[in-house]
Amino acid sequence: MPKKTVRSGIIGAGFSASFHYEAARRVSTVNAEVVGVFATDTDQARTYAKQRGVRCFETREELIDAVDLVHVCAPVAVHEEITVAALEAGRDVICEKPLTGYCGDGSEGFHGDTFPKETA
C-alpha cells in the first residue's frame with residue numbers, strides 16, 4: 001500500500017525552521033513533502049528556500065493554501081495569529097512553544113510582574 005503524502009510548509013526561516021525541515025525529512029510513516037517557506041524577512045526566506053530546493057511563498061496565505069500542514073517557526077508574538085489562520089483554513093499545525101501566554105503578545109503593556117505575588 002502506498003504511503004500517504006503530507007505537504008507541509010514552514011512559516012519562519014530562522015533556527016527552528018532549519019531543524020523542522022530536517023525533522024520532516026526523517027519522517028518515515030508518510031511521504032512528508034516540505035513544499036516551501038514564508039517569512040516576513042524576504043531575503044532570509046529566499047536564502048532558506050534556495051538552500052533546500054523549496055518554494056519561497058510571497059504571502060502567508062499562499063503557503064497555507066498550498067499545504068496540508070503548517071510548521072509555525074516564527075517569533076513567539078505571532079504564533080497565535082499564524083496558528084489560528086492555519087486552523088481556520090482547515091490545516092494541521094505544528095507550533096513551536098509557546099502558543100501564547102507568559103511571553104505575552106509583544107505589546108508594551110505586558111509585564112511578567114503583573115501576576116499576583118505569592119504571600120507567605
Side-chain angles (χ1 to χ4, degrees):
M1 179 175 187
K3 290 182 183 179
K4 178 181 179 178
T5 296
V6 176
R7 299 166 302 135
S8 65
I10 299 173
I11 297 181
F15 174 75
S16 65
S18 295
F19 71 78
H20 274 250
Y21 176 83
E22 292 303 322
R25 293 186 47 177
R26 289 174 171 75
V27 172
S28 62
T29 55
V30 298
N31 292 321
E33 177 186 345
V34 178
V35 173
V37 64
F38 167 78
T40 55
D41 182 332
T42 307
D43 291 336
Q44 186 181 33
R46 286 185 182 133
T47 299
Y48 181 98
K50 184 177 180 181
Q51 289 173 342
R52 292 160 182 84
V54 299
R55 179 176 168 192
C56 180
F57 286 85
E58 296 296 317
T59 68
R60 175 180 79 187
E61 293 76 19
E62 280 183 323
L63 180 138
I64 290 171
D65 287 346
V67 301
D68 306 305
L69 170 70
V70 175
H71 293 259
V72 181
C73 301
V76 172
V78 292
H79 281 190
E80 181 179 15
E81 171 187 326
I82 294 167
T83 300
V84 169
L87 292 172
E88 286 180 343
R91 304 305 182 255
D92 292 321
V93 175
I94 297 174
C95 182
E96 283 287 288
K97 63 184 186 313
L99 174 60
T100 189
Y102 186 76
C103 288
D105 60 6
S107 67
E108 188 176 315
F110 180 84
H111 300 287
D113 62 355
T114 61
F115 293 101
K117 305 236 186 275
E118 291 183 31
T119 56

Residues, nucleotides or ligands: over 12 heavy atoms within 6.0 Å of Phe15 CZ: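 Counting neighbours around CZ of Phe15, 12 or fewer heavy atoms of other residues, nucleotides or ligands fall under 6.0 Å, so no.
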Distance in Å, [X] [atom1] paired with [Y] [atom2], rounded so as to fall on 0.5 Å steps:
{"X": "Leu69", "Y": "Arg7", "atom1": "CG", "atom2": "CZ", "answer": "10.5 Å"}
{"X": "Thr5", "Y": "Glu33", "atom1": "OG1", "atom2": "CD", "answer": "6.5 Å"}
{"X": "Thr47", "Y": "Asp41", "atom1": "OG1", "atom2": "CG", "answer": "8.5 Å"}
{"X": "Ile11", "Y": "Ile94", "atom1": "CD1", "atom2": "CD1", "answer": "12.5 Å"}
{"X": "His71", "Y": "Leu63", "atom1": "NE2", "atom2": "CG", "answer": "10.0 Å"}

Single-linkage hydrophobic cluster [X]~[Y], side-chain heavy atoms < 4.5 angstrom:
{"X": "Ile82", "Y": "Leu87", "answer": "yes"}
{"X": "Val72", "Y": "Val54", "answer": "no"}
{"X": "Val93", "Y": "Val35", "answer": "yes"}

Between the side chain of [X] and the main-chain N/O of [Y], is any donor-acceptor distance below 3.5 Å?
{"X": "Lys50", "Y": "Cys56", "value": "no"}
{"X": "Glu62", "Y": "Phe57", "value": "no"}
{"X": "Arg91", "Y": "Val67", "value": "yes"}
{"X": "Arg25", "Y": "Tyr21", "value": "no"}

For the student: nearest non-hydrogen atoms of [X] and [Y], plus distance:
{"X": "Val70", "Y": "Ala86", "value": "CG2-CB, 3.9 Å"}
{"X": "Thr83", "Y": "Cys95", "value": "OG1-SG, 3.6 Å"}
{"X": "Ala45", "Y": "Val37", "value": "O-CG1, 3.6 Å"}
{"X": "Cys73", "Y": "Ile10", "value": "SG-CG2, 4.1 Å"}
{"X": "Arg26", "Y": "Glu22", "value": "NH1-O, 3.0 Å"}

Could you check whether any side-chain heavy atom of Arg52 comes within less than 4.5 Å of a side-chain heavy atom of Ser18, counting everything from C-beta outward?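 A side-chain contact under 4.5 Å exists here.
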Is it the case that Arg60 and Thr40 place a side-chain donor and acceptor less than 3.5 Å from each other?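 Result is no, nothing qualifies.
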